[in-house]
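Quick note on labels: first sequence line is chain A, next is B, and so on, each numbered from 1.
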2 protein chains.
Amino acid sequence: MSNANEHLDKILLELRRGTISIGVLSQLYEPQYGYSLVTMLSEKGIHVEPGTLYPLLRRFEKQGLLVSKWDTNEARPRKYYLLSETGKEVFDLLVVEWRSIVASLNHLIENKGDDVDGDG
Amino acid sequence: MSNANEHLDKILLELRRGTISIGVLSQLYEPQYGYSLVTMLSEKGIHVEPGTLYPLLRRFEKQGLLVSKWDTNEARPRKYYLLSETGKEVFDLLVVEWRSIVASLNHLIENKGDDVDGDG
DNA sequence: TATAATAGTGTGCAGCATACAATATAATTA
DNA sequence: TAATTATATTGTATGCTGCACACTATTATA
């Protein structure tokens, strides 16, 4: 008990979840394949499990946010994903909303509980 | 089709989800009751459904992050929630991680897909 | 009676994590 | 050469968590 970290991990899990989509989409202005995304995002501080990423990529493709094509010229066949036009629109809007969320959250965090209101 | 907004909404839903916890906890350095949190957070840009908040508050209390007490002196009985010591620890750590996530995400967003590496 | 304030519950659905399976290549060893 | 291991690469199935939505319940007030 008193293991604050356990609860932390759970909340963080939830917190990171939503950020995966935006992280993945951000990297697909140029074609990438799943495996490269996993390692690349990991290097940049976004840890994504393969078992999370692959279904995500497929879902996004199904939704029309991504397009894919197999490259069988290389040693091993790789499935490259790329943002569609719709995907770019979605990503742009997503970024706008993301910034708004970050702003709201930061505001809350900075005046944590301090009940500041100008109308006194 | 081509309704980018539908997919956007889904991703945004996921994105906001994780932020609810941190938003709620941030407001509980001083006692608040559920209903006031809903309206207060809403004013500050974090929309939370009552059906989301109440279970969340109870879960957090069960996890020891919050403590609660009924105030029956006022007109209607209100259940006030407040951060416990553990809750404060968790919140502090949460903020640290949150900032880290924001930094990573912002970095990805800014160099979206531009494969910039200094070793080139 | 109707409405607002306040708290609570139950169900459904989405989606990540975990673990697992499958294939192909490259490197290692016997 | 053959068997073994490691790595690259994609994929699937199941379980758990938790939000959204819709709903119920209670009390105060008009």
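- Straight-line distance from the CE atom of A/Met40 to the P atom of D/dA8: 16 Å, rounded to whole Å.
- The nearest whole Å value for the distance from the CG atom in A/Leu12 to the P atom in D/dG18 is 13 Å.
- Between A/Leu57 atom CG and D/dG11 atom C1' there is a gap of 12 Å when expressed in whole angstrom units.
- A search for salt bridge (charged side-chain N to carboxylate O under 4.0 Å, His left out) contacts involving B/Glu74 returns B/Arg78, not counting sequence neighbours.
- Taking only side-chain nitrogens and oxygens, A/Lys79 comes nearer than 4.0 Å to OP1 or OP2 of D/dG11.
- Looking at every heavy atom in both residues, B/Pro55 comes nearest to B/Pro50 through CD-O, 4.0 Å.
- B/Leu41 places its CG atom 17 Å from the C1' atom of D/dA20, with the value rounded to the nearest Å.
- Here the closest non-hydrogen pair linking B/His47 and B/Ser42 is ND1-OG, 4.2 Å.
- Between B/Pro77 and B/Glu14, the residue whose closest nucleotide on DNA chain C is further toward the 5' end is B/Pro77.
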I'd like a list of close polar pairs between nucleotides 5-7 of chain D and the protein, N/O only, cut-off under 3.5 Å.
none

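- Remark: A/Lys88 pairs with A/Glu85 by the salt bridge (charged side-chain N to carboxylate O under 4.0 Å, His left out) rule, at least two apart or across chains.
- Atoms CG (B/Asp9) and P (D/dC21) sit 10 Å apart, rounded to a whole Å.
- Across the interface with DNA chain D, nearest-nucleotide mapping of A/Lys10 and B/Pro50 shows A/Lys10 to be the residue nearer the 5′ end.
- To the nearest 0.5 angstrom, A/Glu30 atom CD is 5.5 Å from A/Gln32 atom CD.
- Between B/Tyr29 and B/Phe91, a ring centre-to-centre spacing shorter than 6.0 Å is recorded.
- Between A/Leu13 atom CG and D/dG18 atom P there is a gap of 9 Å when expressed in whole angstrom units.
- Remark: P of D/dT17 and NE2 of A/His7 are 13 Å apart, rounded to the nearest angstrom.
- Summarising the geometry of B/Gln63 relative to A/His7, their closest heavy-atom pair is O-NE2, 3.1 Å, with the distance given to 0.1 Å.
- The shortest non-hydrogen separation linking B/Pro77 to B/Thr72 is CB-CG2, 4.2 Å.
- Residue contacts shown for A/Arg58 are limited to sugar-phosphate atoms, with no base heavy atom under 4.0 Å away.
- Atom C1' of nucleotide D/dG11 and atom OH of A/Tyr54 are separated by 8 Å, given to the nearest angstrom.
- For A/Glu97, there are no side-chain hydrogen bond (donor to acceptor under 3.5 Å, both in side chains) partners two or more places apart in sequence or in a different chain.
- For the contact set between residues 59-72 of chain A and DNA chain C, defined by any heavy atom under 4.0 Å, the members are A/Arg59.
- With a heavy-atom cut-off of 4.0 Å to chain A, the contacted part of DNA chain C has its first and last nucleotide at C/dG15 to C/dT25.
- Across all strands, B/Gly51 comes closer than 4.0 Å to base atoms (heavy-atom distances).
- Between A/Ile11 and A/Tyr80, the residue anchored closer to the 5' end of DNA chain D is A/Tyr80, taking for each the nucleotide with the nearest heavy atom.
- Note that the CG atom of A/Asn106 and the CZ atom of A/Arg99 stand 12.0 Å from one another [nearest 0.5 Å].
- Taking CD1 of A/Ile11 as the start and CG of B/Leu56 as the end, the distance is 8.0 Å to the nearest 0.5 Å.
- Taking OG of A/Ser68 as the start and NZ of A/Lys79 as the end, the distance is 4.0 Å to the nearest 0.5 Å.
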